[in-house]
Amino acid sequence: MPKRVSTKQLLIACQMSFDGKSNREIASELGFTETTVSNWRKLEIWQEFEAELIDAYKQQALNLESATPS
């Protein structure tokens, strides 16, 4: 019987991907197959998490830029 993934696990996997981990590394750490992780990337919720991570990264970069003296 296939293992079900939780929203929290998807968020963790997306964060790991954002941090540069491969599908193989993510799958190994979370106990799923590499194919499963690849399929997660196609999910709408993954896309939403990824967009939020990108927005947060951009905001952090902008904050660092404005805090740096000229």
Side-chain angles (χ1 to χ4, degrees):
M1 184 153 105
K3 230 165 67 164
R4 299 204 35 98
V5 63
S6 70
T7 303
K8 183 176 180 178
Q9 286 172 308
L10 280 174
L11 178 58
I12 290 167
C14 189
Q15 177 69 54
M16 291 171 71
S17 172
F18 192 76
D19 291 340
K21 300 265 184 171
S22 69
N23 285 357
R24 178 175 289 159
E25 292 170 311
I26 295 167
S28 175
E29 196 162 322
L30 296 180
F32 290 90
T33 67
E34 194 173 345
T35 302
T36 298
V37 175
S38 179
N39 288 335
W40 290 347
R41 291 177 177 275
K42 300 171 190 166
L43 297 174
E44 185 177 340
I45 192 166
W46 182 286
Q47 303 300 318
E48 291 171 5
F49 285 155
E50 196 169 55
E52 288 177 21
L53 288 169
I54 290 168
D55 287 343
Y57 178 82
K58 285 179 182 176
Q59 188 61 45
Q60 182 181 24
L62 289 173
N63 289 341
L64 288 175
E65 229 175 65
S66 64
T68 313
S70 307

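Values below: all heavy atoms of this structure, side chains included; hydrogens, waters and symmetry mates excluded.
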- Are the side chains of K21 and E29 in touch, meaning some heavy atoms are under 4.5 Å apart?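 A side-chain contact under 4.5 Å exists here.
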- Do W40 and L30 have side-chain heavy atoms sitting under 4.5 Å apart?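 Of all side-chain heavy-atom pairs linking L30 with W40, at least one is under 4.5 Å.
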Would a hydrophobic clustering, with Ile, Leu, Val, Met, Phe, Trp and Tyr connected at side-chain separations under 4.5 Å, put [X] with [Y]?
X   : Y   : result
L11 : F18 : no
W46 : I54 : no
L10 : L53 : no

- Can you name the closest pair of heavy atoms from E50 and C14 and give their distance?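 Taking E50 first and C14 second, the nearest heavy atoms are N-SG, 3.6 Å.
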- If you look at every heavy atom in F32 and R4, which pair is closest and at what distance?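 Shortest heavy-atom contact: CZ-O, 3.9 Å.
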- Task: Please answer whether the main-chain N or O of F49 pairs with a side-chain N or O of E52 as donor and acceptor at a distance below 3.5 Å.
- Result: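 No, the answer is negative, given that no donor and acceptor are paired below the 3.5 Å cut-off.
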- Message: Please report the interatomic distance CD(E34) to OG(S28), rounded to the nearest 0.5 Å.
- Response: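 E34 atom CD to S28 atom OG measures 10.0 Å (nearest 0.5 Å).
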- Query: Run the side chain to side chain contact (heavy atoms under 4.5 Å, CB included) check on L43 and Q47 step by step: do they pass?
  - Reply: CA-CA 7 Å; L43 297 174; Q47 303 300 318; over 6 Å; no
- Test applied, side chain to side chain contact (heavy atoms under 4.5 Å, CB included); reference residue, M16; option that passes from I26, V37, N23: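 So the option named by the test is I26.
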- Task: Check the side chains of Q59 and D55 for a donor-acceptor pair under 3.5 angstrom, ignoring hydrogens and angles.
- Result: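 Per modelled atom types, D55 and Q59 side chains form no pair under 3.5 Å.
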- Between T36 and T33, is any side-chain donor less than 3.5 angstrom from a side-chain acceptor?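 Distance-only check passes for T36 and T33.
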- Item | Over 12 foreign heavy atoms within 6.0 Å of CZ, R41 |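 Buried by this count: over 12 neighbours within 6.0 Å.
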- Task: Show your reasoning for whether side chain to side chain contact (heavy atoms under 4.5 Å, CB included) applies to Q15 and D19.
- Result: CA-CA 6 Å; Q15 177 69 54; D19 291 340; 3.1 Å; yes
